[in-house]
There are 2 protein chains.
Amino acid sequence: MGKITIKDVAALAGVSVGTVSMALNDSPKVSTKTKKNVMAVVQKLGYRRDPYARSLSLSSSRSIGFLAPGFRNPFFGEVAEALQFAVEEKNNSLMFGITNDSTKQEAKLVDQFLDRGIDGLIIIPSEDSNPDLSHIRNLLNHDFPLVFLTGYYPEIPFHTVMADLADGSYELAKGMINAGLRNIIIIAGNPSLTPFRERIEGFRRALDECGVAFDENKVIISDGMSYEGGYAAIDKVYDEIRPDGIIAINDVMAMGVIGRLRSKGIRVPEDVSVAGYDDISISSIQETPLTTVEQPIALMCSEAVDMLFSLIEGRIIADGVVRLPVSVKHRRSAKTG
Amino acid sequence: MGKITIKDVAALAGVSVGTVSMALNDSPKVSTKTKKNVMAVVQKLGYRRDPYARSLSLSSSRSIGFLAPGFRNPFFGEVAEALQFAVEEKNNSLMFGITNDSTKQEAKLVDQFLDRGIDGLIIIPSEDSNPDLSHIRNLLNHDFPLVFLTGYYPEIPFHTVMADLADGSYELAKGMINAGLRNIIIIAGNPSLTPFRERIEGFRRALDECGVAFDENKVIISDGMSYEGGYAAIDKVYDEIRPDGIIAINDVMAMGVIGRLRSKGIRVPEDVSVAGYDDISISSIQETPLTTVEQPIALMCSEAVDMLFSLIEGRIIADGVVRLPVSVKHRRSAKTG
DNA sequence: TCCTCCTTTTGAACCGTTTCAATCAAAATT
DNA sequence: AATTTTGATTGAAACGGTTCAAAAGGAGGA
């Protein structure tokens, strides 16, 4: 037997197709009696509305896209999980794609998602040192509902939800200074990318405020935001600078830093304080629990989803960046006064 | 101006709607000249096919669903990433949902996905101690394309791709025995769930083969497969059993085991060898790098996707479980001979 | 020039919903 | 009893593609 359609239901229930449709949508125009009747037939036939026909009529798929750099950094996995919950709350589904920190790949996935009929899109910006953002501009030109999460592309500071990153490194640095450290460095990526820029800003503000000299070579630019990146950064600068405090741009990188220091026989935190960023779940369970900055993931995600749905539903929203408060987790890897 | 449809393209190109459709699909029935012409108009108008109308006609959304317990265990994040790549290869998109190890939540998400018109579904089974599998049976009854990944529900050993889990713990245990350990335990979850059962089997086989007595209380049943679960398991049994080797069911749990042992002043691996399972990326970069079993994630995922597409395309496939080889990573946390 | 065959194009049916103006029936009002 | 109002239902158009039998066009052969 062929597929069961709304026609079959209508026929068996002895009403018109239109009525069945309205009954299924619980429209007040249909009498309770008819609704019951229709529902009974639906049950009996095991009928299920065809999502494609429905989408065509409603021009909505009730699904949204999500683009992240990848899950090698568990932080993004935690974000994905929180985001899925937030989306599910709204009875929508989440498609995801991995950009690998390449805007080219990002553009490809955007195109693919558009071919799937997503209603909106949430993007964690790629840390691409040579970004091509034409696809983003294109979306924006068409008023496609788009929200950035955890950061934004420098030229495009619209509809973004992120943590107050500057605040996190400010507190971290201040804590280290209070603990008597004076030669603190920060390991970041390409400072033209906002998440890095903001963290560096906070770091600088703390030094300035405390009268500790800030200069350019306290900012170490690493190209990989990974364990290996942290490892390599130490090899590159430790012997020369001999820092007593190190702030890494994320937890995985901080672990790389600690790993390399230990293997050189340098003690953490006795000789050098190390702090990370993100508070991924394994950070607290390291042998030397990591001092780090917690981003309010669940809150960020629900905020981003709310923002996205405002855009989808055409409600007017002020452009701009919503910043949510971070909270510093003082643990063993760093001395903070 | 309204939405650009295929009609607009047809009008401007001076051909029929049918021809435009065929041109877009690169059908051999359309002349090269016409194709070029149509494409030019498409370009000019910035036309894009409506995915909903297309899906309705083709009865396919070119997207598939993926259900995982969650991303707290980074292993699942790595699987999600690999799966996304495998699916993208086929020019499809991936929807994902988090089951939280609850078959009830799993059922809810399956229902939601069905309402989105997915073409097929890949599920990592939930470790639900009291599973309700009616939704799975329902899918199977309707011949809905469904593939299980990393394990399967005991009553439903169909279309599954997983690693040869027994083999991993077999080798792990054998290695420990060869290193002279004799009092080895394994920490698992509910043994009615296949992934646990298989790992226990391999463990047992190794003991049997080497003439080391196996008995029930060498299998510790923990209820959380988390860091905390590993921690608690040590509190529960260490003092009584005094094992010299411990195999945990996954890496995160193994880290919990190590964390608790260390805090009790017990040295790893000098006093106790500890091994994990999965080889998540942070395992190799722990202060004591973890001996563990690598699952061939990329291979499993591409295999699962191939299997799923066979089902979707109606190719006939033998039922059953495909097992892929694991490889043991001998690192510092365990003595293996 | 006429006929045949092959390639291209057309046009309408179809996919399965939603929506809404028009109709119908029953209840309320005069 | 006739008229108006209210409430429930109908039927057809719309959504925007794909597909395929039939028609048209063009090339080649007799």
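Any value given below was found using the heavy atoms of this structure, including those in side chains, with hydrogens, waters and symmetry copies removed. Letters A, B, ... are given to chains in the order of the sequence lines, protein chains preceding strands, and every chain is numbered from 1.
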So side-chain hydrogen bond (donor to acceptor under 3.5 Å, both in side chains) across residues 308-318 of chain B, not counting sequence neighbours, yields B:Ser310-B:Arg315, B:Glu313-B:Arg315
May I have all residue pairs that pass side-chain hydrogen bond (donor to acceptor under 3.5 Å, both in side chains) and include part of residues 38-51 of chain B, sequence neighbours excluded?
-> A:Asp111-B:Arg48, A:Asp115-B:Arg48, B:Lys3-B:Asp50, B:Asn25-B:Arg49
With five pairs defining each end axis, the helix from C:dT1-D:dA30 to C:dT30-D:dA1 comes out bent, to 10°, by 60°
Does the A:Thr194 side chain pair with the main chain of A:Gly151, one donor and one acceptor, at a distance under 3.5 Å?
-> no
Is the side chain of B:Glu81 donor-acceptor paired with the backbone N or O of A:Phe71 at a distance under 3.5 Å, no angle test?
-> yes
When every nucleotide of nucleotides 18-27 of chain D is labelled 5' to 3' by its protein contacts under 4.0 Å (heavy atoms), B for base, S for sugar-phosphate only, - for none, what sequence of letters results?
-> BBB-------
Sorted by number, residues from residues 31-43 of chain B placing a heavy atom under 4.0 Å from DNA chain C are B:Ser31, B:Thr34
Which whole-number value in Å describes the distance from [X] [atom1] to [N] [atom2]?
| X | N | atom1 | atom2 | result |
| --- | --- | --- | --- | --- |
| A:Lys7 | D:dT10 | NZ | P | 16 Å |
| A:Asp50 | C:dG16 | CG | C1' | 6 Å |
| B:Leu56 | D:dC15 | CG | C1' | 9 Å |

C:dC14 OP1/OP2 closer than 4.0 Å to side-chain N/O of A:Tyr52 | no
Verdict with supporting geometry, A:Ser102 and A:Ser126, side chain to side chain contact (heavy atoms under 4.5 Å, CB included) | CA-CA 6 Å; A:Ser102 145; A:Ser126 295; 5.7 Å; no
In plain terms, say whether A:Asp26 and A:Lys35 are close enough for a salt bridge, that is, a side-chain N and a carboxylate O under 4.0 Å apart.
-> yes
Carefully, step by step, assess A:Met225 and A:Asn73 under the rule side chain to side chain contact (heavy atoms under 4.5 Å, CB included).
-> CA-CA 9 Å; A:Met225 297 301 104; A:Asn73 181 342; over 6 Å; no
B:Phe76 and B:Ile98: side chain to side chain contact (heavy atoms under 4.5 Å, CB included), yes or no, with the steps?
-> CA-CA 10 Å; B:Phe76 296 125; B:Ile98 305 289; over 6 Å; no
Could you tell me which non-hydrogen atom of A:Leu94 sits nearest to which non-hydrogen atom of A:Ala80, and how far apart they are?
-> CD2-O, 4.4 Å
Of all heavy-atom pairs between A:Leu299 and A:Leu324, which one has the smallest distance, and what is that distance?
-> CD2-CG, 3.9 Å
Report the nucleotide, chosen from C:dG11, C:dC15, D:dG17, that has the shortest atom-to-atom distance to any side-chain atom of B:Ser16.
-> C:dG11
Among all residues two or more places apart in sequence or in another chain, which pass the side-chain hydrogen bond (donor to acceptor under 3.5 Å, both in side chains) test with A:Ser60?
-> A:Asp119
